[in-house]
There are 2 protein chains.
Amino acid sequence: MSEKSRDLTKEKIFEYCIKNFAENGYSNVGIRNISEGTGLSTGAIYYHFSSKEKIAQFLYDTATGLILDRIRTAVEKTANDQEALKSIIFTLFKLTEEEPHLMKYALYVKHKDFLHEAPPICSSKPFEYIKKFIKAKIKEGVFEDMDMVIAASLIMGPVIRIIQLKMDGILKQDLMKYTVPLFDGIARSIYKKQV
Amino acid sequence: MSEKSRDLTKEKIFEYCIKNFAENGYSNVGIRNISEGTGLSTGAIYYHFSSKEKIAQFLYDTATGLILDRIRTAVEKTANDQEALKSIIFTLFKLTEEEPHLMKYALYVKHKDFLHEAPPICSSKPFEYIKKFIKAKIKEGVFEDMDMVIAASLIMGPVIRIIQLKMDGILKQDLMKYTVPLFDGIARSIYKKQV
DNA sequence: ATTTATAAAAAGAACGCTCGTTTTATTAAA
DNA sequence: TTTAATAAAACGAGCGTTCTTTTTATAAAT
């Protein structure tokens with residue numbers, strides 16, 4: 001069979017699983033659920049993934065990869081430092097609105113439960129990228145000189161928190177509207193005072 | 001049997017479950033695990049809790065109650081506003097160091113997966129209390145006037161984030177040492193400028 | 001162009017195991 | 001003697017996975 005067919009099937013599994021793992025929890029979604037939801041047989045699923053865990057692994061890699069791509073593209077497009085951080089926040093908010101399942105999977109699903117090799121989400125590709133970004137800004141003197149742990153928490157903490165509020169259904173409004181006020185708040189805590 | 005005996009058994013189950021649910025995930029801890037871990041039979045467990053879900057419910061109520069108590073006590077002991085927020089942060093950090101399983105259970109375990117009645121953790125007792133606290137401070141003019149969602153995220157986001165870093169094993173150092181620098185950062189973003 | 005050979009892909013029944021729970025029996029306390 | 005508490009075996013359902021069979025696509029041979 002063609003490569004197209006294989007990719008199509010894998011994509012079907014990806015689509016269904018990322019949605020349902022995030023929504024119902026990894027343990028609450030069985031192979032038979034996936035089978036029903038995708039219209040594939042258990043045999044077909046096991047032909048493409050040697051185990052349920054391998055599906056989760058594939059989801060994890062794909063999801064973190066997609067998020068990283070979006071962030072990197074956003075940063076590379078911006079000219080100045082002030083805009084870069086704002087752009088990261090905006091991108092994450094937009095991604096949450098556009099692909100809530102992707103974001104839910106990346107932030108919520110307890111990967112440690114079933115992915116024994118995977119690092120905790122805070123050490124995943126996108127977060128590592130942002131960490132490097134922060135470190136560079138401190139070195140350049142754009143951000144106040146402070147402990148990396150403190151800086152990373154002050155910057156990403158509020159962003160993740162507000163995303164979770166949205167994903168929990170507490171926040172009904174469009175996340176993107178919060179970009180500027182949240183950025184302003186974060187900026188006060190980390191940007192160097194211009195005396 | 002005496003009430004003491006009943007409470008002792010319940011406590012044994014509580015101790016074992018809060019530790020293992022947080023560590024291994026609700027679905028990965030079976031009744032037989034609990035039985036082995038506590039030295040009780042499945043019959044004994046089901047005599048005290050009519051279902052596994054009821055255990056989780058009990059853990060949730062107890063854990064959030066304990067955290068709320070600690071926060072409330074801390075706030076009530078402090079005299080001025082500046083100290084109150086710092087005290088909340090310190091208390092949460094201390095609690096993380098002293099009772100990591102309690103904190104892990106409260107922040108990590110996906111309650112929605114099995115507790116269909118329970119609110120998301122951000123709407124639990126401790127968080128509601130802190131929300132009220134923030135709202136009051138804004139009204140009093142201590143905190144800058146801003147959207148509640150923004151304020152809550154700017155304050156609790158970094159705190160939760162740093163706690164998670166510790167619980168993930170990324171942060172090795174004592175959390176309490178981060179109280180002051182983190183508070184200072186948060187303060188810059190929310191306290192009213194004294195012009 | 002049609003047939004045939006080969007492997008990829010999918011189907012679906014079956015297996016063994018573990019789960020949450022129930023049942024029945026036994027022990028300890030009042 | 002009656003009830004609270006524990007023990008342990010048993011039940012049915014559902015799980016992840018494997019196995020065997022059938023279908024489908026691809027390419028070479030006629």
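By convention in this document, chain letters (A, B, ...) are assigned in the order of the sequence lines, proteins followed by strands, and residues within each chain are numbered from 1.
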Worksheet item: Parallel, tilted or perpendicular: which fits the ring planes of Y105(A) and F21(A), with parallel below 30° and perpendicular above 60°?
Response: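 Because their plane-to-plane angle is under 30°, the rings of Y105(A) and F21(A) count as parallel.
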
Worksheet item: Using the ring of each side chain (for Trp, its six-membered ring), is F183(A) parallel, tilted or perpendicular to Y191(A), with breaks at 30° and 60°?
Response: perpendicular

According to a strict under-4.0 Å criterion, is [X] in side-chain N/O contact with OP1 or OP2 of [N]?
X: T9(A); N: dA10(C); value: yes
X: Y47(B); N: dA5(D); value: yes
X: H48(A); N: dA8(C); value: no
X: Y46(B); N: dT21(C); value: yes

Quick one: [X] [atom1] to [N] [atom2], roughly how many Å, whole number?
X: D7(A); N: dA8(C); atom1: CG; atom2: P; result: 16 Å
X: I45(A); N: dA10(C); atom1: CD1; atom2: P; result: 10 Å
X: E36(B); N: dC19(C); atom1: CD; atom2: C1'; result: 14 Å
X: I34(B); N: dT21(C); atom1: CD1; atom2: C1'; result: 13 Å
X: K54(B); N: dG20(C); atom1: NZ; atom2: P; result: 16 Å

Worksheet entry | Quiz item: cation-pi between K10(A) and F49(A), 6.0 Å / 45° |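 So K10(A) does make the cation-pi contact.
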
Fill in: Cationic tip of K135(A) above F143(A) ring, under 6.0 Å, 45° of axis
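Not satisfied by the 6.0 Å and 45° rule.
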
Worksheet item: Do Y108(B) and D168(B) get their side chains close enough for a donor-acceptor pair, meaning under 3.5 Å?
Response: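 There is such a pair (donor and acceptor under 3.5 Å, judged by atom type) between the side chains of Y108(B) and D168(B).
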
Practice prompt. Scan L40(B) against the nucleic acid and name what it touches under 4.0 Å (heavy atoms): base, sugar-phosphate only, or nothing.
Written response: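 Sugar-phosphate: the residue L40(B), judged by heavy atoms under 4.0 Å, touches backbone atoms but no base.
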
Charged N to carboxylate O under 4.0 angstrom, [X] versus [Y]?
X: E144(A); Y: R188(B); result: no
X: K131(B); Y: E128(B); result: yes
X: E99(A); Y: K94(A); result: no

Pick out the pairs of N or O atoms, protein on one side and nucleotides 5-7 of chain C on the other, that lie under 3.5 Å.
none

Worksheet entry | Proximity to DNA chain C (any heavy atom under 4.0 Å), residues of residues 12-24 of chain A only | none

Contacts under 3.5 Å, N or O only, protein and nucleotides 8-15 of chain D:
unit_1	atom_1	unit_2	atom_2	d
dA9(D)	N6	T42(B)	OG1	3.3

Side-chain contact, heavy-atom cut-off 4.5 Å: [X] with [Y]?
X: L40(B); Y: S35(B); result: no
X: I89(B); Y: I186(B); result: yes
X: V109(A); Y: K104(A); result: no

